[in-house]
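Right, one structure below, let's go through it.
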Number of protein chains: 2
Amino acid sequence: MGHIVTSPHVTIRNVADVANVSTATVSRVLSGLPGASEETRQRVLKTARELGYQGDPNATALRLRKSNTIGIIVPDIVNPFFTALIHELETCAQQSGKDLFIANSQNDVIIERQRVQTLANRRVDALLISPVHRTMSSSTIQWAHSRIPVIQIDRHAGHIAPYVGADQNYAMNKALEHVTGTGCSRVAYIGYPESTSSSKERIDAFNTYISRHTSISSHIETGLPPHAAQQIADWIEFGECKDAIIASSDLHAIAVKLELQRRGINIPSDVVLMSFDNTSLADAANITSFQQPIDLIARKSIELVEDSDSTGEVIFLAGRIVIRGSSQRES
Amino acid sequence: MGHIVTSPHVTIRNVADVANVSTATVSRVLSGLPGASEETRQRVLKTARELGYQGDPNATALRLRKSNTIGIIVPDIVNPFFTALIHELETCAQQSGKDLFIANSQNDVIIERQRVQTLANRRVDALLISPVHRTMSSSTIQWAHSRIPVIQIDRHAGHIAPYVGADQNYAMNKALEHVTGTGCSRVAYIGYPESTSSSKERIDAFNTYISRHTSISSHIETGLPPHAAQQIADWIEFGECKDAIIASSDLHAIAVKLELQRRGINIPSDVVLMSFDNTSLADAANITSFQQPIDLIARKSIELVEDSDSTGEVIFLAGRIVIRGSSQRES
DNA sequence: CTGAAAGCGCTAACAG
DNA sequence: CTGTTAGCGCTTTCAG
């Protein structure tokens with residue numbers, strides 16, 4: 001068995017020879033440009049089809065200095081939120097006839113820089129990026145933006161390039177309204193530190209809301225899911241007012257849920273729990289979660305790519321809460 | 001603001017001019033080839049660094065007809081199992097100094113063919129693919145294998161190219177031993193239909209085991225998670241012997257868990273439940289799950305890529321069960 | 001040890 | 001309407 005080379009790559013030259021025209025004509029026809037009689041058009045199209053001509057994207061990219069592709073760099077490809085986003089982007093990109101280059105920066109600004117360079121060197125037409133860090137990613141993004149159009153997506157590193165993402169302030173307000181609506185007046189926030197723009201915006205929104213509603217007492221806990229979950233469990237109090245926990249990621253919510261279960265604390269009767277992102281994890285663990293509008297985020301970002309004179313735009317999108325058993329009696 | 005072109009791409013020509021040598025020499029030095037005095041070496045290296053030379057992968061790929069990259073096509077990028085695999089592959093590929101092109105076939109053989117063609121045209125050095133379908137993907141894979149080295153990973157479409165994946169027979173035996181070990185003598189299988197090699201192999205292994213252990217009664221239910229879960233719940237019986245359900249994916253297991261909860265059936269006291277893949281979903285839902293050896297799968301496949309005379313190999317790897325609350329009393 | 005030159009496959013003037 | 005030509009950035013003989 002093994003790898004048998006049967007069909008070499010068909011070049012434009014091959015097509016030209018068989019169709020008895022010049023490579024220039026083949027190129028024009030295949031690019032849909034004018035300047036070819038209907039007769040030759042058909043002949044070229046036919047032979048190209050018969051020979052199975054596919055084109056060489058590397059040669060085209062070298063010549064045109066663009067590759068008809070869009071690059072997307074996510075900070076963590078294992079996170080279902082980002083794969084859901086990638087999935088939506090794929091659909092939108094396909095509709096624009098573009099391919100997607102998917103890259104993972106593994107939550108590391110060094111790797112992020114490498115990925116940005118790789119994609120820029122490959123001459124992607126535009127780069128969508130969800131930055132690893134709110135401040136430390138900005139130089140990389142600026143570097144990229146100086147050579148190709150860059151759009152920040154879901155997270156940003158300042159007003160250094162257009163941004164499309166969810167309105168974290170709106171989301172956090174909805175979340176707080178929901179949990180206070182279930183009768184909680186002690187509410188805690190748990191999530192990663194303020195290293196990403198979305199985390200920071202959520203924490204800011206949380207604090208603002210609390211400062212305006214003096215009847216609510218609050219608590220904030222940041223850190224990696226397991227550790228932060230232990231801390232937050234210590235904060236739980238049984239008294240006249242009911243406790244609520246808002247987790248900034250489904251992962252944090254699950255860590256909290258497991259920790260509370262271990263301590264014999266019941267959800268939702270003792271403590272109301274909800275989270276952000278509404279990934280398959282929230283569904284699996286039956287946790288109420290705020291659904292980011294990833295379909296709109298994807299659509300808008302691809303639109304921005306097409307629409308070249310859209311520099312400096314900042315687009316916030318809404319979203320909605322998906323209520324599950326962790327914040328209501330009946331599941 | 002907007003997109004400001006400040007730094008054009010630095011070419012080998014630029015480096016050559018500044019260093020006062022020919023492009024040929026620069027190329028040799030940068031490729032680490034012999035044929036350059038230590039003095040010029042250093043000078044070239046220095047100027048390349050100072051100018052921020054990055055190289056043009058498109059030009060190199062055009063010239064060399066290879067791109068120093070590996071392509072990976074997964075059937076469903078939203079599935080945490082495949083992103084975990086991608087993550088491992090990234091690590092291994094990086095160690096070999098290669099970039100990874102990630103593509104998603106969206107469980108669709110048509111899209112799968114497109115993705116394969118795209119990557120082949122981009123001259124990836126090798127293609128790793130987890131086929132969408134056990135039989136319908138084979139022509140695409142054969143087409144690809146006729147032009148570039150192809151390795152089937154986790155799933156396969158016949159002995160048409162090397163394969164690296166888990167030993168499904170071993171895995172299913174371990175699963176059956178585990179659930180029968182908890183005292184169950186009625187056991188059901190739930191999963192997707194036999195459209196993928198792994199599904200088929202698991203079902204075959206299930207049937208073989210059952211036929212050898214006549215004291216166990218069995219049941220098989222295939223279909224999409226929610227529907228199949230309803231069916232399987234109808235099968236549950238309360239009697240002298242305890243029931244167990246083995247789910248072929250974490251998604252199926254979660255659907256089963258939710259359906260049983262709705263009917264007031266307790267896990268694990270009434271029914272023992274376990275699944276395959278051990279993704280973050282299983283962790284979230286506290287479900288015992290068989291962990292595929294994705295680290296070994298990734299390592300082996302990258303090794304096969306390097307080792308060019310490895311045609312026709314078939315490598316099966318083991319794995320282990322991660323026990324959680326769905327199959328034991330204490331969590 | 002080094003440079004000149006050819007050419008990978010493609011597109012875009014420019015002629016005809 | 002069509003062909004000739006140059007060249008994108010790179011590597012690699014082949015001379016010197």
Side-chain angles (χ1 to χ4, degrees), chain A residues 7-45 47-48 51-69 117-118 120-125 147-148, chain B residues 7-45 47-48 51-69 117-118 120-125 147-148:
Chain A
S7 38
H9 290 273
V10 180
T11 74
I12 215 174
R13 174 83 268 150
N14 300 330
V15 178
D17 288 348
V18 174
N20 256 304
V21 287
S22 71
T23 59
T25 300
V26 176
S27 176
R28 284 189 208 105
V29 171
L30 263 34
S31 312
L33 293 174
S37 70
E38 191 52 29
E39 194 207 327
T40 32
R41 274 191 73 70
Q42 294 305 332
R43 187 153 34 92
V44 168
L45 251 26
T47 41
L51 265 48
Y53 174 75
Q54 306 243 318
D56 182 329
N58 292 315
T60 307
L62 176 59
R63 179 68 233 240
L64 259 41
R65 309 153 136 270
K66 48 173 263 184
S67 59
N68 206 35
T69 57
Q117 291 180 344
T118 302
N121 291 337
R122 292 208 179 272
R123 302 289 196 284
V124 291
D125 302 353
R147 7 187 82 195
I148 46 173
Chain B
S7 38
H9 290 271
V10 180
T11 74
I12 213 172
R13 175 81 267 152
N14 301 329
V15 178
D17 287 350
V18 174
N20 257 305
V21 287
S22 70
T23 58
T25 300
V26 176
S27 177
R28 283 189 208 104
V29 171
L30 263 33
S31 312
L33 292 173
S37 70
E38 192 52 28
E39 194 207 327
T40 32
R41 272 191 74 69
Q42 294 305 333
R43 187 152 34 91
V44 168
L45 251 26
T47 42
L51 265 46
Y53 174 75
Q54 306 244 317
D56 182 329
N58 293 315
T60 308
L62 176 59
R63 178 69 233 240
L64 259 39
R65 308 157 135 270
K66 50 171 265 195
S67 59
N68 206 35
T69 57
Q117 290 181 345
T118 301
N121 291 336
R122 291 207 179 272
R123 301 288 194 285
V124 291
D125 301 354
R147 6 188 82 195
I148 46 173

Atom pairs and distances, side-chain donor-acceptor, residues 10-18 of chain B, under 3.5 Å, sequence neighbours left out:
residue: T11(B); atom: OG1; partner: R13(B); partner atom: N; Å: 3.1
residue: T11(B); atom: OG1; partner: N14(B); partner atom: N; Å: 3.2
residue: T11(B); atom: OG1; partner: N14(B); partner atom: ND2; Å: 3.4
residue: R13(B); atom: NE; partner: D17(B); partner atom: OD1; Å: 3.4
residue: R13(B); atom: NH2; partner: D17(B); partner atom: OD1; Å: 3.2

*asked:* Just so I know, are the side chains of N20(A) and R43(A) near enough to count as touching, which here means a heavy-atom distance under 4.5 Å?
replied: yes
*Please tell me if the side chains of V124(B) and I148(B) come closer than 4.5 Å, counting only heavy atoms from C-beta onward.*
yes
*Side chain proximity check, L62(B) to D56(A), heavy atoms < 4.5 angstrom*: yes
_Nucleic acid contacts of residues 33-45 of chain A, taken as heavy-atom distances under 4.0 Å to DNA chain D_ = G35(A), A36(A), S37(A), T40(A)
*At what distance, to the nearest 0.5 angstrom, does CG of N121(A) lie from CZ of R147(A)?*
7.0 Å
*Nucleic acid footprint by protein, nucleotides 4-9 of chain D - heavy-atom cut-off 4.0 Å, B for base, S for sugar-phosphate alone*: B-BBBB
*Check whether more than 12 heavy atoms from other residues, nucleotides or ligands sit under 6.0 Å from atom CD of E39(A), and answer yes or no.*
no
*Taking CG from N68(A) and C1' from dC10(C), how many angstroms apart are they, rounded to a whole number?*
14 Å
*asked:* Taking the side chain as everything from C-beta on, heavy atoms only, tell me whether Y53(A) gets closer than 4.5 Å to V26(A).
replied: no
_For atom CG of D17(A) and atom C1' of dG3(D), their distance in whole Å_ = 13 Å
_Would you say that H9(B) contacts R123(A) through its side chain, given a criterion of any heavy-atom pair below 4.5 Å between the two side chains?_
yes
*Which whole-number value in Å describes the distance from R13(A) CZ to dG7(C) C1'?*
13 Å
